[in-house]
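Here is how names work: the chains are called A, B, and so on, in the same order as the sequence lines, proteins then strands, and each is numbered from 1.
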Number of protein chains: 2
Amino acid sequence: MAKRKENSTNMLNEKLIMECDLLYAINKVGGRWKLMILSKLQKRKLRFSEIKREIPTITERMLALQLRELEKDEFVKRTVYAEVPPKVDYELTAVARELIPVWRQLENWAKKHRKYEGVDHVTP
Amino acid sequence: MAKRKENSTNMLNEKLIMECDLLYAINKVGGRWKLMILSKLQKRKLRFSEIKREIPTITERMLALQLRELEKDEFVKRTVYAEVPPKVDYELTAVARELIPVWRQLENWAKKHRKYEGVDHVTP
DNA sequence: CAGTATCCATTAAGATACTG
DNA sequence: CAGTATCTTAATGGATACTG
């Protein structure tokens with residue numbers, strides 16, 4: 001799926017950036033949905049449809065895509081149960097859980113400094 | 001510049017996400033270049049051309065765009081000197097500096113956990 | 001239930017040329 | 001020096017229909 005130009009400057013720049021540990025860490029949970037999904041999994045494991053219910057505005061396509069990436073990067077563990085109808089659930093890995101305190105700090109920083117932009121802030 | 005559909009689901013989703021402090025914090029320094037730029041400014045203020053020299057693969061367009069956003073979000077302070085030829089420099093704000101210890105933790109997490117993907121990791 | 005597949009819209013990023 | 005302007009390409013996200 002979509003692997004046009006392996007040696008475009010675009011690709012090279014992305015590789016360059018990901019060589020840096022910090023940039024790697026930020027970019028792996030960047031994007032619109034990943035942290036949102038991870039935050040929903042903090043309390044307990046959830047099924048696909050449960051996550052979808054928690055984040056109603058995400059499409060199934062995006063949810064599936066993001067979950068695949070999070071799984072590949074070992075932020076979540078996917079478990080398939082041999083049942084019918086099918087049952088799959090997702091849970092945070094230990095590696096992901098280690099990030100929670102760091103997220104809290106980021107959150108506190110944001111709470112403290114961001115300017116009010118006419119929205120109510122939410123803590124997931 | 002480009003303000004097509006104000007009420008697309010896309011826009012609504014972006015707003016929703018940014019109501020969360022944590023997601024705000026991550027997304028403000030997300031993207032390919034922002035953290036890279038900020039890290040270069042940790043030691044001292046730099047001029048436009050100096051940043052460009054530190055990050056040779058960024059285009060002038062991208063550097064200018066990212067600096068504008070970082071300025072707007074108050075991560076950097078832009079100073080114009082009334083000289084000719086023109087001189088402008090950029091420095092981290094106090095708000096941005098408060099994030100440095102958090103970055104360090106993220107970095108340590110990444111160092112510890114990321115799998116080796118055939119690249120040498122770099123600490124800026 | 002837990003996804004894929006397909007198609008389209010939006011945004012991010014890059015190349016290059018040009019300017020006060 | 002410190003940028004803009006313009007154009008093109010790549011990546012991301014959304015809508016919708018369909019399936020094992």
Side-chain angles (χ1 to χ4, degrees), chain A residues 1-18 27-34 36-37 45-71 76 78-90, chain B residues 1-18 23 27-37 45-71 76 78-90:
Chain A
M1 330 75 162
K3 200 185 270 188
R4 310 281 166 91
K5 298 192 180 179
E6 279 293 341
N7 293 57
S8 61
T9 308
N10 204 324
M11 295 288 285
L12 292 175
N13 272 339
E14 178 166 355
K15 274 175 191 158
L16 173 73
I17 266 82
M18 295 304 262
N27 283 290
K28 282 301 181 183
V29 294
R32 187 166 291 180
W33 297 116
K34 284 182 180 169
M36 172 79 83
I37 295 167
K45 55 176 65 168
L46 293 173
R47 303 177 61 168
F48 188 91
S49 55
E50 291 176 317
I51 304 175
K52 171 77 176 120
R53 216 171 305 133
E54 294 260 358
I55 313 174
T57 52
I58 196 173
T59 61
E60 293 172 349
R61 182 182 115 85
M62 288 312 294
L63 182 52
L65 275 174
Q66 302 302 308
L67 284 170
R68 292 298 160 270
E69 283 187 47
L70 289 171
E71 190 191 356
V76 303
R78 177 172 182 267
T79 308
V80 182
Y81 299 87
E83 301 177 7
V84 55
K87 175 177 170 181
V88 177
D89 65 27
Y90 297 88
Chain B
M1 344 63 162
K3 200 185 269 188
R4 311 281 166 89
K5 298 192 179 179
E6 278 293 341
N7 292 57
S8 61
T9 308
N10 203 323
M11 294 289 286
L12 292 175
N13 273 338
E14 179 167 354
K15 274 175 190 157
L16 173 71
I17 266 80
M18 294 304 266
L23 272 43
N27 282 291
K28 283 301 182 184
V29 293
R32 186 166 291 180
W33 297 116
K34 284 182 180 169
L35 265 179
M36 173 79 84
I37 295 167
K45 55 176 67 169
L46 294 173
R47 304 177 60 167
F48 187 92
S49 55
E50 290 174 319
I51 304 175
K52 171 75 175 121
R53 216 171 305 133
E54 294 262 357
I55 313 176
T57 52
I58 196 172
T59 61
E60 291 173 349
R61 183 183 118 85
M62 288 313 294
L63 181 53
L65 274 174
Q66 303 301 309
L67 283 170
R68 291 298 160 271
E69 283 187 47
L70 289 170
E71 189 190 0
V76 303
R78 176 172 183 267
T79 308
V80 183
Y81 300 87
E83 302 177 6
V84 55
K87 174 177 170 180
V88 177
D89 65 28
Y90 297 87

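- The distance from atom CG of B/D89 to atom P of D/dG3 is 10 Å, rounded to the nearest whole Å.
- Closest approach to the B/P86 side chain among D/dT4, C/dG3, C/dG20 is made by C/dG20 (side chain taken as heavy atoms from C-beta onward).
- In this structure, the nucleotide among D/dA15, D/dG13, C/dG14 sitting nearest to the side chain of A/M62 is D/dG13.
- Note: CH2 (A/W33) to C1' (D/dG13) measures 9 Å, nearest angstrom.
- For C/dC1, the OP1/OP2 oxygens have no side-chain nitrogen or oxygen of A/Y90 closer than 4.0 Å.
- A distance of 6.5 Å separates CG in B/L67 from CZ in B/F48, rounded to the nearest 0.5 Å.
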Set out, in order, the CA-CA distance, both residues' side-chain angles and the distance that settles salt bridge (charged side-chain N to carboxylate O under 4.0 Å, His left out) for A/K34 and A/E69, then state yes or no.
CA-CA 9 Å; A/K34 284 182 180 169; A/E69 283 187 47; 2.7 Å; yes

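- Within 4.0 Å (heavy atoms only), A/E14 reaches no atom of the nucleic acid at all.
- Phosphate proximity of D/dA2 to B/R78: absent, as no side-chain N or O sits under 4.0 Å from OP1 or OP2.
- Of the candidates D/dT4, D/dG14, C/dG14, the closest approach to any side-chain atom of B/R68 belongs to D/dT4.
- Here the C1' atom of nucleotide C/dC18 and the CZ atom of B/R61 are 15 Å apart, to the nearest Å.
- Between C/dA2 and A/S49, a contact under 4.0 Å exists linking OP1 or OP2 to a side-chain N or O.
- Atoms CH2 and CG, from B/W33 and B/L70 in turn, are 13.5 Å apart once rounded to the nearest 0.5 Å.
- Base pairing analysis places D/dT6 opposite C/dA15; the two distances defining the Watson-Crick or G-U wobble pair are each below 3.5 Å.
- Both B/N13 and B/A64 lie close to DNA chain D; mapped to their nearest nucleotides by heavy-atom distance, the more 5′-ward contact belongs to B/A64.
- Rounded to whole Å, atom P of C/dA13 lies 14 Å from atom CG of A/L16.
- Atom NZ in B/K34 sits roughly 15 Å away from atom P in C/dT11 (whole-Å rounding).
- To the nearest angstrom, P of C/dA12 lies 11 Å from NZ of B/K28.
- Neither OP1 nor OP2 of C/dG14 sits under 4.0 Å from any side-chain N or O of A/T9.
- Within 4.0 Å (heavy atoms only), A/Y81 reaches no atom of the nucleic acid at all.
- The side chain of B/R32 contributes no N or O atom lying less than 4.0 Å from OP1 or OP2 of D/dA11.
- Remark: C1' of C/dG14 and CG of B/L63 are 14 Å apart, rounded to the nearest angstrom.
- Of the candidate nucleotides D/dG3, D/dA11, C/dG3, D/dA11 has the atom nearest to the side chain of A/M11.
- Of the side-chain N and O atoms in B/Q66, none sit less than 4.0 angstrom from OP1 or OP2 of C/dA12.
- The listed nucleotides are C/dC1, C/dA15, D/dC1; the one nearest the side chain of B/R47 is D/dC1.
- Residue-level contact check: A/K87 touches the backbone only, with heavy atoms under 4.0 Å from sugar-phosphate atoms and none from bases.
- In this structure, the nucleotide among D/dG13, D/dG3, C/dC1 sitting nearest to the side chain of B/V88 is D/dG3.
- Contact between the side-chain N/O atoms of B/N10 and the OP1/OP2 oxygens of C/dA9 is not found at any separation under 4.0 Å.
- Rounding to whole angstrom units, CD of residue A/E60 and C1' of D/dA17 are separated by 11 Å.
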